[in-house]
Amino acid sequence: MDRRPDLQGQGRFKRRKMEDTDSRYSAESDDDGGVKVGNFAQPTEVKPKKEDLDARPSRHTEGIDQLVEKTSKKKRKKEEDAEEASDPYIARQHEEPLPKKKELDPRANPYLAHRYEEPAEDEGSYNGYSNGYGRPTNRMNGVSNASSLARFPRHKSTAAMAKNAEDGPNNPFSGQPLSSQYFSILKTRRNLPVHQQRDEFLQMYQKSQFLVFVGETGSGKTTQIPQFVLFDDQPQIQRKLVACTQPRRVAAMSVAQRVANEMDVTLGDEVGYNIRFEDVTSQKTILKYMTDGMLLREAMNDNNLNRYSTIILDEAHERTLATDTLMGLLKEVAQRRPDLKIVIMSATLDAQKFQSYFNDAPLLAVPGRTHPVEIFYTPEPERDYVEASLRTVLQIHASEPEGDILLFLTGEEEIEDACRKIRLEADEMIREADAGPLTVYPLYGTLPPNQQQKIFDPAPPPSKKGGRPGRKCIVSTNIAETSLTIDGIVYVVDPGFSKQKIYNPRIRVESLLVSPISKASAQQRAGRAGRTRPGKCFRLYTEGAFKKELIETTHPEVLRSNLSSTVLDLKKLGIDDLVHFDLMDPPAPETLMRALEELNYLACLDDEGNLTALGKLASEFPLDPTLAVMLISSPEFYCSNEVLSLTALLSVPQVFVRPASARKRADEMKSLFAHPDGDHLTMLNVYHAFKGPEAQANPKQWCHDHFVSLRALQSADNVRQQLKRIMETHEIELVSAPFEDKNYYTNIRRALVAGFFMQVAMKEGNSKTYVTVKDNQNVILHPSTVLQTESDWLLYNEFVLTTKNYIRTVTTVKPEWLMDIAPTYYNITEFGKGPVKSALQRTIDKVRRKEATKGRKR
DNA sequence: CATCCACGA
């Protein structure tokens with residue numbers, strides 16, 4: 001462990017100039033109806049000035065105009081102590097004698113629950129999903145009957161030729177007669193802005209391997225460009241496909257459906273999509289929409305992406321980890337495969353950066369089709385952005401013409417709180433000032449889907465005939481910035497903050513921080529007001545702050561994340577020389593070093609930084625390396641069935657639900673499942689109970705009654721099946737100790753150590769604080785833990801840095817396990833003097849004494 | 001006493 005991959009000399013941050021962009025919002029006069037919203041300066045034209053982009057993640061926390069202290073949270077009413085509830089699910093500690101199996105109430109018996117029948121594999125939901133990525137495409141020469149297309153010269157076609165083929169009478173790809181619906185869609189398609197530049201696009205596409213395509217919202221790029229490519233690239237001739245990647249699953253699915261309609265084919269035939277758990281493609285497929293993560297997975301088993309003739313990366317400006325990794329990979333693949341064409345599609349802001357990254361690729365820009373949005377700034381900085389946003393929303397409701405409101409806040413609690421206050425104030429306005437009705441909806445990712453759907457309900461009608469019109473106000477996290485589009489929004493209120501992930505490689509912690517947004521984000525938010533008609537955006541900061549304080553674009557994820565998973569991916573993608581791998585924004589060398597170090601400790605990389613057998617195996621799993629290593633090691637601990645369930649549970653959203661209205665009952669229900677050794681085993685108890693006959697009789701009711709999330713558990717089931725299949729493919733044994741075995745739970749806790757030995761904290765003296773081993777961070781238990789006893793050593797799943805340093809989802813472990821299972825990491829000579837070292841030394845001494853006693857007895 | 005932005009495999 002003394003040799004580490006040498007990372008010296010690669011710590012340069014790339015700096016690239018940002019050019020002026022053309023994306024600005026037109027400013028219109030402020031006199032519609034003579035209504036002026038007080039407290040706002042005149043609308044101003046937005047034109048970002050030239051600025052360098054510093055590639056380093058911002059670690060500062062100061063606000064936009066000034067550091068805004070959040071209003072102190074209302075102290076919650078102390079809830080009365082819950083009555084001692086009887087505990088049918090509590091797992092017994094094995095020190096106690098076990099009751100005989102027959103005496104157990106089946107409902108109370110987690111053992112019976114854990115031996116649930118493995119459900120028959122539902123092929124339907126997987127649609128032939130297979131692990132064999134890059135399987136040969138045995139497609140027949142699909143379009144022999146499409147005469148109009150057969151004459152197409154590959155990579156020499158024109159818009160006129162395409163138009164001719166599109167005009168029918170038969171479908172150029174399937175040969176079938178075209179429907180009347182097709183021709184009606186075709187008419188609207190030809191009105192899209194991109195259509196005007198079809199020839200220009202084709203010429204650039206034909207002459208260059210890389211092409212950067214810039215199109216604003218409403219240009220039609222996501223649906224049309226892949227079709228333009230299809231006519232010219234003719235992937236079916238070579239039995240290849242055109243891929244178009246999306247950062248999000250819903251987008252991949254819905255766009256594929258739309259394009260299938262446009263091309264008058266059945267979804268899954270010529271046009272399909274591929275997301276995790278769902279492969280809706282067939283031998284016929286020539287255009288495939290997919291998530292960027294999915295294409296990355298495929299690339300791991302097909303390093304040259306040989307299945308594809310053209311790859312289109314859509315929404316590249318969002319700079320997800322997968323997009324960035326793919327871009328770096330495609331730069332290399334392009335050299336090995338001169339026949340592969342690559343189109344990068346992005347919003348305007350980053351165009352030049354993409355161009356220069358892809359060897360000065362040609363750029364084509366197409367205007368969007370949106371309505372103008374007036375921007376208002378506050379003349380003075382706001383001290384409290386939550387208070388200011390409430391005031392602004394109410395002011396809009398009081399004095400602006402009809403139209404819905406979208407307010408951006410940072411998190412669930414803030415949003416729910418704001419919704420309550422707006423409702424209260426609005427009711428008063430209706431009573432006292434005859435204001436129109438106002439419906440307020442919260443919106444955030446963890447909200448159940450049926451409640452998320454409510455935001456699409458129409459605004460309320462006037463309360464009486466001829467009364468003032470009603471409107472709706474949506475209070476949302478960043479989810480409404482990109483993932484969800486709500487039509488009918490006319491007013492956007494933007495306080496200028498969002499929660500962002502930050503990674504600190506020094507202490508290996510990812511944390512969420514309320515931070516100022518970027519100019520790009522602010523523009524995106526404002527744009528949400530102009531989807532259906534001209535709108536207004538109220539920014540709760542000064543114009544000066546916008547110009548001077550906000551960074552141009554949000555730092556890409558690759559600069560804000562722990563990269564161990566990405567580094568493992570890159571190794572599997574055949575990138576040997578990470579140091580010279582050309583990422584668009586190279587991460588801090590310390591981050592890369594940390595990732596390599598972690599993977600080395602996990603034995604996924606050897607001391608030379610090469611992928612080990614374990615590393616190869618770990619990369620087969622769609623999991624973080626820690627979880628993958630834990631899962632792969634679990635048969636050694638005779639509990640791979642259980643660890644498989646646990647891994648699935650740790651990969652899905654929180655299983656426990658705790659609605660504000662029923663916190664006490666939710667906590668009571670949770671305590672029914674509590675295991676004295678911690679949260680991991682508690683989650684396992686929930687899962688086993690969920691798979692038991694009582695819960696399966698009516699899962700929805702059972703989950704509701706027990707305050708657990710049906711969605712999360714079903715999703716865990718899904719993940720479990722996928723992981724199980726991968727285990728079977730690679731012949732990783734599925735084994736369990738009998739539940740009566742006194743080591744049943746100990747085995748699982750020891751297996752946890754095999755992956756999470758780097759995430760362990762030790763108790764500090766008699767206080768409630770813990771200190772993480774090696775990184776020496778002071779941490780406390782997250783309030784959600786079920787742990788009652790104060791254990792000296794805890795293994796944690798997550799380090800959550802919010803108001804305090806929390807460790808969340810914890811399990812008690814023993815120091816002798818740590819040294820036994822992870823001897824390299826717990827090599828005592830590598831610890832500096834301190835409480836951890838002394839504690840480890842005491843453990844060694846204790847073990848030695850025991851051995852000695854044993855020896856004498858013999 | 002007190003509890004996580006959004007995605008993805």
Side-chain angles (χ1 to χ4, degrees), chain A residues 73-79 129 131 133 245-252 274-279 290-301 315 318-326 408-416 443-447 476-484 497-502 510-515 517 521 524 554 556-557 560-561 565-566 568-569 572 619-624 627-628 651-654 656-660 663 666-667 670 679 715 718-719 722-723 726 768 780-785 798-804 806-809:
Chain A
K73 284 171 194 164
K74 269 192 176 173
K75 284 187 180 174
R76 279 209 198 81
K77 267 192 179 175
K78 194 184 174 184
E79 285 167 351
Y129 172 93
N131 287 312
Y133 295 116
T245 69
Q246 299 291 322
R248 280 169 295 279
R249 290 186 206 169
V250 270
N274 190 188
I275 60 177
R276 190 183 187 181
F277 305 125
E278 234 183 318
D279 182 0
M290 64 205 301
T291 47
D292 46 16
M294 202 69 215
L295 185 60
L296 203 55
R297 275 272 136 205
E298 284 193 13
M300 287 182 196
N301 290 302
E315 314 288 357
E318 288 193 28
R319 305 290 309 278
T320 65
L321 259 177
T323 303
D324 272 16
T325 313
L326 274 175
F408 286 99
L409 288 177
T410 65
E412 176 177 341
E413 201 182 318
E414 200 177 81
I415 286 168
E416 292 289 357
L443 177 63
Y444 43 86
T446 51
L447 208 63
S476 171
T477 59
N478 253 7
I479 193 170
E481 198 180 295
T482 46
S483 310
L484 261 166
F497 289 96
S498 70
K499 270 192 191 167
Q500 285 165 35
K501 189 171 70 182
I502 308 272
E510 282 181 352
S511 54
L512 285 173
L513 211 66
V514 174
S515 323
I517 60 171
S521 243
Q524 177 72 20
T554 311
E557 217 183 342
R560 301 184 285 117
S561 309
S565 205
T566 306
L568 187 65
D569 289 351
K572 189 73 204 306
S619 68
E620 295 288 334
F621 289 90
L623 294 169
D624 271 350
L627 283 170
S651 326
V652 298
Q654 181 62 258
F656 296 101
V657 178
R658 199 167 178 261
R663 289 206 180 101
D667 291 347
K670 187 172 176 183
D679 302 305
S715 157
N718 231 348
V719 172
Q722 187 191 26
L723 298 176
I726 301 173
K768 283 200 188 281
I780 57 171
L781 278 170
H782 195 274
S784 63
T785 187
E798 222 178 350
F799 190 131
V800 188
L801 206 147
T802 47
T803 42
K804 288 177 184 136
Y806 289 115
I807 47 173
R808 192 163 60 177
T809 312

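The sequence lines fix the lettering, A, B, ..., with proteins before strands; numbering per chain opens at 1.
Regarding A:Ile415, its CD1 atom lies at a distance of 16 Å from the P atom of B:dT3, rounded to whole Å. With rounding to whole Å, A:Met300 atom CE is found 17 Å from B:dG8 atom P. Between the CZ atom of A:Phe621 and the C1' atom of B:dA9 there is a distance of 13 Å, rounded to whole Å. Taking atom CG on A:Asn274 and atom P on B:dA9, their separation rounds to 9 Å, with Å as the unit. To the nearest angstrom, P of B:dA6 lies 19 Å from CD of A:Glu315. In this structure, A:Glu481 places its CD atom 13 Å from C1' of B:dC7, rounding to the nearest Å. In this entry the distance linking OH of A:Tyr444 with C1' of B:dC7 reads 18 Å, nearest Å. Atom NZ in A:Lys804 sits about 7 Å away from atom P in B:dA2, given to the nearest Å.
Residue A:Arg276 has its side chain nearest to B:dA9 when only B:dG8, B:dT3, B:dA9 are considered. The side chain of A:Lys501 sits closest to B:dA6 out of B:dA6, B:dA9, B:dT3. Of the candidates B:dA6, B:dA9, B:dT3, B:dA6 carries the atom nearest the A:Ser483 side chain, counting heavy atoms from C-beta on. Nearest to the side-chain atoms of A:His782 among the listed nucleotides B:dA6, B:dT3, B:dA9 stands B:dT3. Picking from B:dA9, B:dT3, B:dC7 the nucleotide with the shortest atom distance to the side chain of A:Ile479 gives B:dC7.
Side-chain atoms of A:Thr320 and A:Asp292 form a donor-acceptor pair, as typed in the model, at a separation below 3.5 Å. For the residue pair A:Thr809/A:Asp679, the side-chain donor-acceptor check at 3.5 Å is not satisfied. Between the side chains of A:Glu481 and A:Ser521, a donor-acceptor pair is found at a separation under 3.5 Å.
DNA chain B is contacted by both A:Gly445 and A:Pro783; A:Pro783 maps to the nucleotide lying nearer its 5′ end (nearest heavy atom per residue). Comparing A:Val800 and A:Val250 by the nucleotide of DNA chain B whose heavy atom lies nearest to each, the residue mapping closer to the 5' end is A:Val800.
Residues satisfying the side-chain hydrogen bond (donor to acceptor under 3.5 Å, both in side chains) test with A:Arg319, not counting sequence neighbours, are A:Asp324, A:Asp585.
Under 4.0 angstrom from either OP1 or OP2 of B:dA9 there lies at least one side-chain N or O belonging to A:Arg249. Contact annotation: A:Thr477 side-chain N/O to B:dA6 OP1/OP2 distance is under 4.0 Å. Here A:Ser565 does not reach the OP1 or OP2 of B:dA9: none of its side-chain N or O atoms lies under 4.0 Å away.
Looking at heavy-atom distances under 4.0 Å, A:Glu318 makes no contact with the nucleic acid at all. Within the nucleic acid shown, A:Leu512 comes within 4.0 Å of at least one base atom, counting heavy atoms only. Residue contacts for A:Ser498: at a heavy-atom cut-off of 4.0 Å it reaches no nucleic acid atom on any strand shown. At the heavy-atom level, A:Leu623 lies under 4.0 Å from base atoms of the strands shown.
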### Message
Between A:Lys572 and A:Asn301, is the side-chain contact (heavy atoms from CB on, under 4.5 Å) condition met? List the steps.
### Response
CA-CA 8 Å; A:Lys572 189 73 204 306; A:Asn301 290 302; 3.6 Å; yes

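Looking only at side-chain heavy atoms (C-beta outward), A:Ile275 and A:Met294 stay at 4.5 Å or farther from each other.
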